[in-house]
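Here is the structure we will look at.
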There are 2 protein chains.
Amino acid sequence: MDEYINEQKLSSILKAASDPTRRSLLTTLVQQGPSRVTELARHYDMSLNSISKHIKVLEAATLVTRKTIGRVHLIEAQLEPINQIDNWFKNLRSIWDLRLDDLETILNKEICDD
Amino acid sequence: MDEYINEQKLSSILKAASDPTRRSLLTTLVQQGPSRVTELARHYDMSLNSISKHIKVLEAATLVTRKTIGRVHLIEAQLEPINQIDNWFKNLRSIWDLRLDDLETILNKEICDD
DNA sequence: TATATATTCATCCATTTGGTTGAATATACC
DNA sequence: GGTATATTCAACCAAATGGATGAATATATA
């Protein structure tokens, strides 16, 4: 189930995904599996702290989780939340199809009434 | 085809969709078909100008198009661009599956080497 | 215990964002 | 031509965003 769309969560997922650095982080995580913050930051021409902030945005949107082992923080990608975007889109599309069906019904009726 | 992902366009689509008012506008447009700016604004506790600005963001992201007839601007939803989000997600998922396959191969190899 | 490493927290700064209001533009109508 | 309607443009404002730097915290290691 879980078809219900939580608007706030959807907003946070979409906004988190709308930044190219964060999408790139997700890709790296998916390619390499759980990774440390420092290791992730290595790929970017950007301060460690900026990457740390981006990771927190992804974390708030539940697109990554964090496992802290000693001083090391292991960041892991979570893809299921992205399904919420898909649900939203499917919902939009079904509304669209519904309207087109209605239009067709109206048109058929007019033809019959002739 | 059109499988290639344009990062900038994807960013603009995701960011445009990340605002609840704009998602709501899209839903209304999909439900009611092409609508005038004033008509759209009527549903919101917000100035006409704000809605006009939101529509411009959606337009820049190609999520709506505009047909100007006299002084009236007809706004129409365009859903295909949202497929780019789906492409991005599918791409992520395939990278994910690829890594899991590699892991499995490695594990099998270790078992055979025993 | 002292030192190095991994990471976040706190500030600061420029830019973007989402909203406002008032003026401008373009078209329709009497 | 004069007036009403539909919409954008321009300016402004507060808050959020994406970046930087320096200090703080927590853990590992010699």
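Residue numbering restarts at 1 for every chain, and letters A, B, ... go by the order of the sequence lines.
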Q) How many Å lie between CD1 on B:I51 and P on C:dG19, as a whole number? A) 8 Å

**Q.** Non-neighbouring partners of A:R22 that pass salt bridge (Lys or Arg N to Asp or Glu O under 4.0 Å), sequence neighbours left out
**A.** none

**Q.** Salt bridge B:K90-B:D86, side-chain N to carboxylate O under 4.0 Å
**A.** yes

Q.
By nearest heavy atom, map A:G70 and B:I75 onto DNA chain D; which one lands nearer the 5' end?
A. B:I75

Q. Out of D:dA10, D:dT21, C:dG19, which nucleotide sits closest to the side chain of B:N49?
A. D:dA10

**Q.** Rounded distance in Å - CG (B:L74) to P (C:dT27)
**A.** 15 Å

Q. Nearest-Å distance, CD1 (B:I55) to P (C:dG18)?
A. 14 Å

Q: Take the protein atom CG of B:L48 and the nucleotide atom C1' of D:dA6, then report the distance between them rounded to whole Å.
A: 8 Å

Q. Just to confirm, is there a sub-4.0 Å distance from OP1 or OP2 of C:dT7 to any side-chain nitrogen or oxygen of A:K56?
A. no

Q: Indicate whether OP1 or OP2 belonging to D:dG19 is found under 4.0 Å from a side-chain N or O atom of A:S47.
A: no

Q. What nucleotide, of C:dT27, C:dT20, C:dT5, holds the atom closest to the side chain of A:R71?
A. C:dT5

Q | Upstream residue (5' side of DNA chain C) when A:V37 and A:K15 are each assigned their closest nucleotide | A | A:V37

Q.
D:dA20, OP1 or OP2 - any side-chain N/O from A:S50 closer than 4.0 Å?
A. yes

Q. Counting heavy atoms not belonging to A:E80, are there more than 12 under 6.0 Å from its CD?
A. yes

Q: Taking A:S94 for its side chain and A:L92 for its backbone only, find out whether a donor-acceptor pair lies under 3.5 Å.
A: no

Q. Counting side-chain heavy atoms from C-beta on, which of C:dA6, C:dG19, D:dG19 comes nearest to B:K53?
A. C:dG19

Q) Atom OH of A:Y44 and atom P of D:dG18: how far apart are they, to the nearest Å? A) 14 Å

Q.
Is it true that B:S24 and B:Y44 share a donor-acceptor pair across their side chains at a distance under 3.5 Å?
A. yes

Q: Starting from P on C:dT27, measure out to CD1 on B:I69 and report it in whole angstrom.
A: 13 Å

Q: Return the value, rounded to whole Å, for the distance between atom CE of B:M46 and atom P of C:dT21.
A: 12 Å

Q: Could you check which of C:dT7, D:dG18, C:dG19 has an atom nearest any side-chain atom of A:R22?
A: D:dG18

(Q) Is it the case that the base of D:dT17 and the side chain of A:D19 share a donor-acceptor contact (distance under 3.5 Å, atom types as modelled)? (A) no

(Q) Just the rounded figure in Å: distance from P of C:dG18 to CG of B:L25. (A) 12 Å

